[in-house]
Amino acid sequence: MSQQVSPKKVAIYARVSTTEQAEEGYSIDEQIRVLKEFCEKEGYGVYDEYVDRGISGKNITGRPAIKRLLADAEQKKFDIVLVWKMNRLARKSLDLMNIVEQLNSKNIAFRSYTEKYETETPTGKLHFQMMAAIAEYERNNIAENVKMGMIARAKDGQWNGGQVMGYDVVEKDSENKKRKQTGLQINEQEAKIIRLIFQMYTTGHGYKAIANKINQDGYRTKKNKTFSLNAIKTIVTNPVYAGYIRYNVRRDWNEKRRNNINPNPIIVKGEHPSIISEETWKIAQKVYKERSCKPNRIHEGVFPLTGIMRCPQCGAGMVIGRTTNRTKSGVKRVLEYYVCGAWKNKGTVACRSNAVRTEYADDYVLNKLEALMKSEHLTKKLVDNINTKQQSLVAPLQREYEQYLQELERYKKKSVKLLDAFTDEVISKEVFQRKSRSIEETMTNLKAQMEPLQAQMQSTVSSEVTYEKIRAIMRNFHQAFTQALTREQRKRLLHLLIHQITIDESREIESIQIKLNDEVLEELQLGVGEMSEDISSTPFSVLVAI
């Protein structure tokens, strides 16, 4: 009686971005329906449906369903990943190749319903790679044409879309009836806020003073949020309010963000009405230029606790604030504090300053850390934790290895029985040779899968961390921090080491929560030079409050 083969398990993945759904008629439900019908026709079982709704396919960041799919693939929960079209999985061919390679490494096939190819054979892989490259080439051409069209619109003084404070985006008549065009119409309620901001800015008020004023008066942004300092800066530097169109300020925004600013963006007179006068705009830009040229900034790297010290009132990260006063002799003195980031960014409507002197905080924290690093109890706890983690890593490898070992032993017994059957003339020579080859192939595959497991177990067991090793690293904290590390490395180390610092209402440090893990000890190792062993491959973490 032949053994019944269980049907292959399929993971269905479907995605559609908001733009695609609105403009091109893609439907998640239709994709799912078609793919489920295909599975039923082919005799496949659907393991699960992984759906990203309204999400772009430019990369996997921010796509929870694809992340869940890849995590399940690591555990080999299905045999095939099926999509309606390959660009549902990823739009860039490199991302697509990487995902498919990740699936192939787990012996999971990738199939596209509309593009008839498979990835299990060399020919299928080549076909797939060619199709992916052609698809990306076509998308890039379309994107380039769209970009050229938007640049042409901007040069004609037309708005390219997107919300902006002070205006409403409205549709307007277009010669091309198939393509909707948008323009800007003044929103008088919001325009009143814009005029107030420019009036204050051009009469000497700073971003913080303006944010304080308009937030306290109850004004809110287009998204009904309080105004931040950055929001004020964005408004006073935006020429749209003087009647201009500015476009292509940042090239490749999705890829490079702020690091790729275009030195020559398009700035032309727009078709929309202005909210402020040309004269007001020129004054505002003159003020901005004068303030931007002041060389009064000090590198934030000097203050390593920014972001990890928490405001006692609202919980926001503390940032650097400065005040200037004069001594009795008339000498100007700059005082530096850690202040509430919400207060600094949005003013008193968000929080109070809750200032803590930097000298006090930095010295207090470093002294506490140095004392902690000499703790025998903590060192022992770390050693136990690291080695326990190592053993927990070995255990699943050992179980998997033993399963393969049992399977190998079973096939060895099969081979002996097969030989006995042949020598007793129960089976023919042809049957013996055929079955013998099959058993030999299976045993070879099992041994190939066991070899990397055995090597991994041996390397993990041989790298047990000693008490002396950890103690040497931790006792060198002061030397590494004060002598070997750069200012940027010190700040990175503290941000790795400290989970958070809380202060009480009297503005004194209340608690320091530290997290000792592999990254921290690796940084300390680098700070004190080469060590005899490397513990960076041993994942662990310990949270301690002091």
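These numbers were taken from a predicted model, which means no experiment stands behind them.
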Nearest heavy-atom approach of T306 to F303 is OG1-O, 3.3 Å

Could you report the tightest heavy-atom contact between V51 and I28, atom names first, then the distance? CG1-CG2, 3.6 Å

Please tell me if the side chains of V164 and Y241 come closer than 4.5 Å, counting only heavy atoms from C-beta onward. yes

A242 versus S274, closest heavy-atom pair with distance: C-CB, 3.5 Å

Go through the steps to decide whether Y219 and K213 satisfy the test side chain to side chain contact (heavy atoms under 4.5 Å, CB included), and finish with yes or no. CA-CA 9 Å; Y219 294 122; K213 167 67 176 171; over 6 Å; no

Whether K85 engages the ring of Y113 as a cation-pi pair (distance to the six-membered ring centre under 6.0 angstrom, angle to the ring normal within 45°) should be assessed. no

Just verifying a value: how many Å separate I214 CD1 and I235 CD1, rounded to the nearest 0.5 Å? 6.5 Å

Set of residues satisfying side-chain hydrogen bond (donor to acceptor under 3.5 Å, both in side chains) with respect to N367, sequence neighbours excluded: none

Test item: L196 and M200 side chains (from C-beta on) under 4.5 Å apart, heavy atoms: yes

Could you report the tightest heavy-atom contact between N345 and N230, atom names first, then the distance? OD1-N, 4.2 Å

Considering residues at least two apart in sequence or located in another chain, which fulfil the salt bridge (charged side-chain N to carboxylate O under 4.0 Å, His left out) criterion with E188? R195

Are the charged groups of K222 and D168 less than 4.0 angstrom apart, N to O? yes

side-chain contact (heavy atoms from CB on, under 4.5 Å) filter on N215, not counting sequence neighbours, yields A211, R220, T226, F227, K346, V349

Minimum side-chain heavy-atom gap T502-P312 below 4.5 Å: no

Could you go step by step and tell me if I283 and Y201 meet the side chain to side chain contact (heavy atoms under 4.5 Å, CB included) rule? CA-CA 9 Å; I283 295 171; Y201 188 70; over 6 Å; no

By side-chain contact (heavy atoms from CB on, under 4.5 Å), Q102 pairs with (sequence neighbours left out) L70, E74

Side-chain contact test, heavy atoms from C-beta onward, threshold under 4.5 Å: evaluate it for Y338 versus I320 and give yes or no. yes

If you compare all heavy atoms of A11 against all heavy atoms of L69, which two are closest, and at what distance to 0.1 Å? CB-CD1, 4.3 Å

With side chains defined as the heavy atoms from C-beta onward, is the minimum distance between I509 and K368 less than 4.5 Å? no

Suppose we screen for ring-ring contact (aromatic ring centres under 6.0 Å, His included). Which residues come up paired with Y50, at least two apart in sequence or across chains? none

Just jot down the side-chain contact (heavy atoms from CB on, under 4.5 Å) partners of Q189, sequence neighbours excluded, or say none. N187

Restricting to ring-ring contact (aromatic ring centres under 6.0 Å, His included), what partner residues turn up for Y13, sequence neighbours left out? none

What pair of heavy atoms forms the shortest contact from I245 to G270, and how long is it? CG1-CA, 3.7 Å

Taking the side chain as every heavy atom from C-beta outward, state whether E30 and W84 have any atom pair closer than 4.5 Å. no

Using side-chain hydrogen bond (donor to acceptor under 3.5 Å, both in side chains) as the criterion, list what pairs up with Q216, not counting sequence neighbours. T348

In chain order, what residues pass the side-chain contact (heavy atoms from CB on, under 4.5 Å) check against Q75, with sequence neighbours excluded? K77

Salt bridge (charged side-chain N to carboxylate O under 4.0 Å, His left out) against K282, all qualifying residues, sequence neighbours excluded: none

Could you pull out all residues at least two apart from D363 that satisfy salt bridge (charged side-chain N to carboxylate O under 4.0 Å, His left out)? none

Going by heavy atoms in the side chains, are Y337 and M318 under 4.5 Å from each other? no

Test side chain to side chain contact (heavy atoms under 4.5 Å, CB included) on V170 and L184; report intermediate values, then the result. CA-CA 6 Å; V170 294; L184 294 177; over 6 Å; no

Side chain to side chain, V339 and N354, heavy atoms closer than 4.5 Å: no

With sequence neighbours excluded, residues passing ring-ring contact (aromatic ring centres under 6.0 Å, His included) with H272: Y167

Above 12 or not: heavy atoms from other molecules or residues under 6.0 Å from NZ of K208? yes

Tell me whether the rings of W281 and F198 are parallel (<30°), tilted (30 to 60°) or perpendicular (>60°). tilted

So does A284 get a backbone contact from the side chain of T202, meaning a donor-acceptor N/O pair under 3.5 Å? no

Ignoring hydrogens and angles, tell me if any N or O in the side chain of N238 forms a donor-acceptor pair with the backbone of V240 under 3.5 Å. yes

Show your working on side chain to side chain contact (heavy atoms under 4.5 Å, CB included) between E508 and Y364 and close with a plain yes or no. CA-CA 10 Å; E508 292 185 350; Y364 182 92; over 6 Å; no

